[in-house]
Amino acid sequence: ESLLRTAVMNLADNACKYSDNKEVEISLSVEKGFVKLVFSDKGIGIPEDELNKIKEPFFRGSNAKSVPGHGIGLALVNQIILSHNGRMEIKTKADSGTEITLFFPITA
(Lines give C-alpha, C1' and ligand atoms only; values in the text may rest on other atoms or scores of the structure.)
Protein backbone atom coordinates (compact mmCIF):
# COMPACT_ATOMS: atom_id res chain seq x y z
CA GLU A 1 0.00 0.00 0.00
CA SER A 2 2.78 2.43 0.93
CA LEU A 3 4.64 1.87 -2.35
CA LEU A 4 1.50 2.32 -4.44
CA ARG A 5 0.73 5.53 -2.57
CA THR A 6 4.26 6.73 -3.36
CA ALA A 7 3.80 5.96 -7.06
CA VAL A 8 0.42 7.72 -7.29
CA MET A 9 1.64 10.78 -5.37
CA ASN A 10 4.75 11.02 -7.55
CA LEU A 11 2.74 10.95 -10.77
CA ALA A 12 0.26 13.54 -9.49
CA ASP A 13 3.08 15.75 -8.21
CA ASN A 14 4.98 15.53 -11.51
CA ALA A 15 1.88 16.37 -13.53
CA CYS A 16 1.31 19.49 -11.44
CA LYS A 17 4.99 20.45 -11.28
CA TYR A 18 5.48 20.36 -15.05
CA SER A 19 2.23 22.17 -15.94
CA ASP A 20 1.77 25.94 -15.94
CA ASN A 21 -1.78 25.54 -14.62
CA LYS A 22 -0.58 23.11 -11.88
CA GLU A 23 -3.47 20.74 -12.64
CA VAL A 24 -3.70 17.01 -13.24
CA GLU A 25 -6.69 14.99 -14.39
CA ILE A 26 -6.87 11.52 -12.85
CA SER A 27 -9.27 8.82 -13.99
CA LEU A 28 -9.88 5.30 -12.79
CA SER A 29 -11.61 2.55 -14.77
CA VAL A 30 -11.78 -1.20 -15.20
CA GLU A 31 -11.03 -2.47 -18.68
CA LYS A 32 -10.48 -5.98 -20.08
CA GLY A 33 -9.22 -7.54 -16.85
CA PHE A 34 -7.20 -4.52 -15.71
CA VAL A 35 -7.64 -1.62 -13.35
CA LYS A 36 -6.58 1.43 -15.36
CA LEU A 37 -5.35 4.61 -13.66
CA VAL A 38 -4.64 7.59 -15.95
CA PHE A 39 -2.78 10.81 -15.09
CA SER A 40 -3.08 13.60 -17.70
CA ASP A 41 -1.60 17.07 -17.75
CA LYS A 42 -1.27 19.95 -20.20
CA GLY A 43 2.37 20.60 -19.32
CA ILE A 44 5.71 20.77 -21.06
CA GLY A 45 5.61 17.15 -22.20
CA ILE A 46 8.63 14.98 -22.87
CA PRO A 47 10.65 15.33 -26.08
CA GLU A 48 9.82 12.32 -28.26
CA ASP A 49 13.46 11.37 -28.81
CA GLU A 50 13.97 11.17 -25.02
CA LEU A 51 10.92 9.07 -24.20
CA ASN A 52 12.86 5.79 -24.30
CA LYS A 53 15.17 7.10 -21.53
CA ILE A 54 12.57 8.55 -19.19
CA LYS A 55 12.32 5.41 -17.01
CA GLU A 56 16.09 5.39 -16.38
CA PRO A 57 17.21 6.55 -12.91
CA PHE A 58 18.55 10.12 -12.81
CA PHE A 59 17.49 10.91 -16.40
CA ARG A 60 15.75 14.26 -16.82
CA GLY A 61 14.23 15.56 -20.02
CA SER A 62 16.17 18.33 -21.72
CA ASN A 63 13.17 20.64 -21.35
CA ALA A 64 12.88 19.98 -17.57
CA LYS A 65 16.22 21.40 -16.42
CA SER A 66 14.63 24.57 -15.01
CA VAL A 67 12.22 22.58 -12.81
CA PRO A 68 13.63 21.22 -9.52
CA GLY A 69 14.07 17.45 -9.43
CA HIS A 70 16.58 14.61 -9.57
CA GLY A 71 15.20 12.25 -12.23
CA ILE A 72 14.32 9.51 -9.77
CA GLY A 73 10.52 9.71 -9.83
CA LEU A 74 9.47 7.91 -13.01
CA ALA A 75 12.14 5.23 -12.60
CA LEU A 76 10.88 4.57 -9.07
CA VAL A 77 7.24 4.58 -10.18
CA ASN A 78 8.02 2.13 -12.96
CA GLN A 79 9.72 -0.28 -10.53
CA ILE A 80 6.83 -0.05 -8.07
CA ILE A 81 4.30 -0.76 -10.83
CA LEU A 82 6.33 -3.69 -12.17
CA SER A 83 6.63 -5.16 -8.66
CA HIS A 84 2.81 -5.20 -8.53
CA ASN A 85 2.60 -7.05 -11.87
CA GLY A 86 1.46 -3.87 -13.59
CA ARG A 87 2.73 -1.80 -16.46
CA MET A 88 3.14 1.89 -17.20
CA GLU A 89 2.52 3.52 -20.58
CA ILE A 90 3.49 7.08 -21.44
CA LYS A 91 2.00 9.21 -24.21
CA THR A 92 3.43 12.66 -24.57
CA LYS A 93 4.07 15.55 -26.89
CA ALA A 94 6.49 18.36 -26.16
CA ASP A 95 4.65 21.57 -25.17
CA SER A 96 1.28 19.77 -25.18
CA GLY A 97 1.27 17.52 -22.13
CA THR A 98 1.72 14.00 -20.93
CA GLU A 99 -0.58 11.08 -20.21
CA ILE A 100 0.71 8.28 -18.00
CA THR A 101 -1.44 5.19 -17.71
CA LEU A 102 -0.97 2.48 -15.11
CA PHE A 103 -2.46 -0.97 -15.69
CA PHE A 104 -2.90 -3.47 -12.86
CA PRO A 105 -4.24 -6.97 -13.52
CA ILE A 106 -7.42 -7.91 -11.70
CA THR A 107 -6.79 -11.09 -9.75
CA ALA A 108 -9.36 -13.34 -8.13
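All values derive from a computational prediction rather than experimental measurement.
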Could you tell me which residues satisfy salt bridge (charged side-chain N to carboxylate O under 4.0 Å, His left out) with Glu1, sequence neighbours excluded, listed by chain and number?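 Testing Glu1 for salt bridge (charged side-chain N to carboxylate O under 4.0 Å, His left out), a comparison that skips the adjacent residues, returns Arg5.
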For Glu89, enumerate each residue passing the salt bridge (charged side-chain N to carboxylate O under 4.0 Å, His left out) test, keeping only those at least two apart in sequence or located in another chain. Arg87
Show me, pair by pair, the donor-acceptor contacts under 3.5 angstrom made by side chains of residues 8-16, not counting sequence neighbours?
residue: Asn10; atom: OD1; partner: Asn14; partner atom: ND2; Å: 3.4

State yes or no: do [X] and [Y] share one hydrophobic cluster built from I, L, V, M, F, W and Y residues joined by side-chain heavy-atom distances below 4.5 Å, directly or via other members?
{"X": "Val24", "Y": "Val38", "answer": "no"}
{"X": "Ile80", "Y": "Val35", "answer": "yes"}
{"X": "Val67", "Y": "Ile72", "answer": "no"}

With sequence neighbours left out, which residue pairs that include part of residues 30-39 fulfil the salt bridge (Lys or Arg N to Asp or Glu O under 4.0 Å) condition? Glu31-Lys36
Strictly by salt bridge (Lys or Arg N to Asp or Glu O under 4.0 Å), give each pair with a member in residues 62-74 just once, sequence neighbours left out.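 Applying salt bridge (Lys or Arg N to Asp or Glu O under 4.0 Å) to every pair that reaches into residues 62-74, excluding sequence neighbours, yields nothing.
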Quiz: residues 42-57 side-chain donor-acceptor pairs under 3.5 angstrom, not counting sequence neighbours:
residue: Glu50; atom: OE1; partner: Ser62; partner atom: N; Å: 2.9
residue: Glu50; atom: OE2; partner: Ser62; partner atom: OG; Å: 2.7
residue: Lys55; atom: NZ; partner: Met88; partner atom: O; Å: 3.2

Tyr18 and Ala64: which non-hydrogen atoms are nearest, and at how many Å?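 It is CE2-CB, 3.6 Å.
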Go through Lys91 and Thr101 one step at a time and tell me if the side chain to side chain contact (heavy atoms under 4.5 Å, CB included) criterion holds. CA-CA 8 Å; Lys91 294 179 186 174; Thr101 305; 6.0 Å; no
Roughly how far, to the nearest 0.5 Å, is the [atom2] atom of [Y] from the [atom1] atom of [X]?
{"X": "Phe39", "Y": "Glu99", "atom1": "CZ", "atom2": "CD", "result": "11.5 Å"}
{"X": "Ile90", "Y": "Asn78", "atom1": "CD1", "atom2": "CG", "result": "7.5 Å"}
{"X": "Asp41", "Y": "Thr98", "atom1": "CG", "atom2": "OG1", "result": "5.0 Å"}

Indicate yes or no: at least one non-hydrogen side-chain atom of Leu3 is less than 4.5 angstrom from one of Gln79. no
Under the side-chain hydrogen bond (donor to acceptor under 3.5 Å, both in side chains) test, which residues partner Ser19, sequence neighbours left out?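 None.
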Within the supplied structure, the quantity of interest is the number of heavy atoms (other residues, nucleotides, ligands) at a distance under 6.0 Å from Lys22 NZ; does it exceed 12?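 Yes, enclosed.
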Is the number of heavy atoms from other residues, nucleotides or ligands within 6.0 Å of CG (Asp20) greater than 12?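 It does not: Asp20 CG has 12 such atoms or fewer within range.
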Could you work out the complete set of other residues in the hydrophobic cluster of Leu82, with links drawn between I, L, V, M, F, W and Y side chains under 4.5 Å apart?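 Reading the cluster by chain and number, Leu82 sits alone, since nothing else belongs.
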In the hydrophobic clustering (ILVMFWY, side-chain contacts below 4.5 Å, transitive), which residues join Phe103, or is it alone?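 Answer for Phe103: Phe34.
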